[in-house]
Every structure is written in structure tokens, then in C-alpha cells.
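Worksheet: one structure, shown below.
In each ligand, atom 1 is the first atom listed, and ligand 1 is the first ligand listed. All of these numbers come straight from a predicted model, not from anything done at the bench.
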Amino acid sequence: TDAGSQKDRVVTEEEWLQKWEMGNIGFHKEQGHPLLQKYLDVLLNGRSGLRIFFPLCGKAVEMKWLADMGHSVVGVEVSEQALKEFFAEHSLPYREEPVPEISGAKKLQSTSGNISLYCCSIYDLSSSIVGKFDGVWDRGALVAVNPCDRQRYISLMITLMEKNSSYLLVTVSYDPNKHKGPPFYVPESEIKSLFG
Ligand code: SAH
């Protein structure tokens, strides 16, 4: 298969916001992702109190799972609606504050303090703003990034990782000539070259 047919496709932030407004969020898994349960030990590797990053987080329920296990969770998402739905659906009180380093960005933080969700583009973040992470759950993130932005996305993710961090990546396999995406098809060979 050849991913060439998808390489010029661009989904704008505006289009993502519209998907949330229209409720076109077929990607959201109310019960969470079985692959996180399956590979949880790989992510945690026996460690406790980790900092776990959720790029392009939507309202992923796995953020609640990991926070309940005692880890601290940081997510980033352009849709404020998604983040508000996350806190509402889990009955979690939160507060909002501006992010001084990023104009127009907001941080929504659970009152208990262990879930911090940034409402901005992931490309606005850096390790000086969010720190580095011991683990990453990348589901619906690399595969949702516009193909032209993949290198930039992965370069940023690498700067956000601690030395001994684990990165769980979920991709989808299908004929990219038959669907326009997202989720986009990211061949294994490209994953290898992106991460180096
Ligand atoms: N990871 C989530 C959501 C996947 S859908 C899950 O597993 O359910 C991809 C999400 O990325 C959408 O919610 C979209 O609004 C968000 N998004 C798209 N581009 C983004 C960007 N540049 N920065 C932050 N979030 C973005």
C-alpha cells in the first residue's frame, strides 16, 4: 500500500472544532481503549507516581484511569468543549487559568491537581511549559496529525520525553486509497524513520 494519496490532506483546527460541535466524534471510546489495559505494564514498568502525557487528548477516559491510579496526567486539545465534557462526564471539579507563555491558551486543571489539560494547539507547547514525561499514550494523535506535520509532531514529542519514558502508540492499518482519513495510515517504516 502507498500512503501517497493522503500526504497532502489537511484537516484544519476549525474543522476539528466543528466535529466536536456537531458531535461527529466517532473516535471517542466511552469504555476506554482495550490496548491501554493490555499494555499498561509496558507503560508503567512497575513505576508509580508518573507524569503521563496525552497528546491530542479529546475527552479520552483513559486520562481518568491513570489519574485514579495515582499518576499525574497532562493533556492537550484544541477543543475547549472536549475538555469541559471530560470534566463534566467524570463529575470532576476543575479550575481554569490562562497560560502566560501561550497567548489565548487556557489550562483546565482538576481541583485535586492531578489532571491538567491545556486548551491550545500541541505545536504551542514546549518542555519549558509542560515539563517532561515518563509515559505517553498516543492514540488518535499521530494518526490524527496532518501528514505534512508528522515530523514536527514527533520532534516535539521527543523533546517532551524523559530519558526512561515509555511511549505507547496506536495506529490503524488499512488501504489509504480507500479512505481519506483521519485516522491516517502511518506505515511502520515511517514510524521507524520518524522516531529514529
Ligand atoms: N486521543 C483522543 C482524541 C482523538 S481525535 C482519543 O483517543 O479519543 C484527535 C483530537 O485531536 C481531536 O479531539 C481534535 O480536536 C484534536 N486536535 C487536532 N489537532 C490538534 C492540535 N494541533 N493540537 C491539539 N489538539 C488537536
Stepwise salt bridge (Lys or Arg N to Asp or Glu O under 4.0 Å) check, Lys106 with Glu97: CA-CA 6 Å; Lys106 269 191 207 175; Glu97 47 190 71; over 6 Å; no
Which of the numbered atoms in ligand 1 are below 4.0 angstrom from a heavy atom of Cys120? 23 (N), 24 (C)
Do the rings of Tyr167 and Phe195 sit parallel, tilted or perpendicular, given the 30° and 60° boundaries? perpendicular
Per-atom filter on ligand 1: closer than 4.0 angstrom to a heavy atom of Ser121 are 21 (C), 22 (N), 23 (N)
Min heavy-atom dist Cys57 to ligand 1 below 4.0 Å: yes
Would you check, one step at a time, whether the test side chain to side chain contact (heavy atoms under 4.5 Å, CB included) holds for Asp134 with Asn164? CA-CA 7 Å; Asp134 307 301; Asn164 287 311; over 6 Å; no
Quick test of your reading of the model: are Lys59 and Glu89 salt-bridged, counting only N-O distances below 4.0 Å? yes
Does any N/O atom on Ala144 come nearer than 3.5 Å to any N/O atom on ligand 1? no
Phe27 atom CZ, neighbour heavy-atom count above 12 within 6.0 Å: yes
Can you tell me the protein heavy atom closest to atom 11 (O) of ligand 1 and the distance? Leu56 CB, 3.3 Å
Mark yes when over 12 heavy atoms from residues, nucleotides or ligands other than Gln37 sit less than 6.0 Å from its CD; otherwise mark no. yes
For the 3.5 Å polar cut-off, considering only N or O atoms, please tell me whether Ala141 and ligand 1 meet it. no
Which protein heavy atom lies closest to atom 25 (N) of ligand 1, and at what distance to 0.1 Å? Val78 N, 3.2 Å
Check for me whether Arg152 meets the cation-pi criterion with Tyr123, that is, NZ or CZ under 6.0 Å from the six-membered ring centre and within 45 degrees of the ring axis. yes
Does ligand 1 have a heavy atom under 4.0 Å from the side chain of Phe54, from its backbone, from both, or from neither? neither
closest protein heavy atom to atom 23 (N) of ligand 1 is Ile122 N, 2.9 Å
Ligand 1 and Trp20, any nitrogen or oxygen pair closer than 3.5 angstrom? yes
Test your reading of the structure: does Arg139 have an N or O sitting under 3.5 Å from an N or O of ligand 1? yes
Around atom 9 (C) of ligand 1, find the nearest protein heavy atom and jot down its residue, atom name and distance. Gly140 O, 3.4 Å
Purely on distance, is any nitrogen or oxygen of His28 under 3.5 Å from one on ligand 1? no
Would the number of heavy atoms belonging to other residues, nucleotides or ligands and lying under 6.0 Å from CD of Glu30 be above 12? no
Set out, in order, the CA-CA distance, both residues' side-chain angles and the distance that settles side chain to side chain contact (heavy atoms under 4.5 Å, CB included) for Leu156 and Ile122, then state yes or no. CA-CA 9 Å; Leu156 170 62; Ile122 188 166; 3.7 Å; yes
Nearest non-hydrogen protein atom to atom 16 (C) of ligand 1, with distance, is Glu77 OE1, 3.3 Å
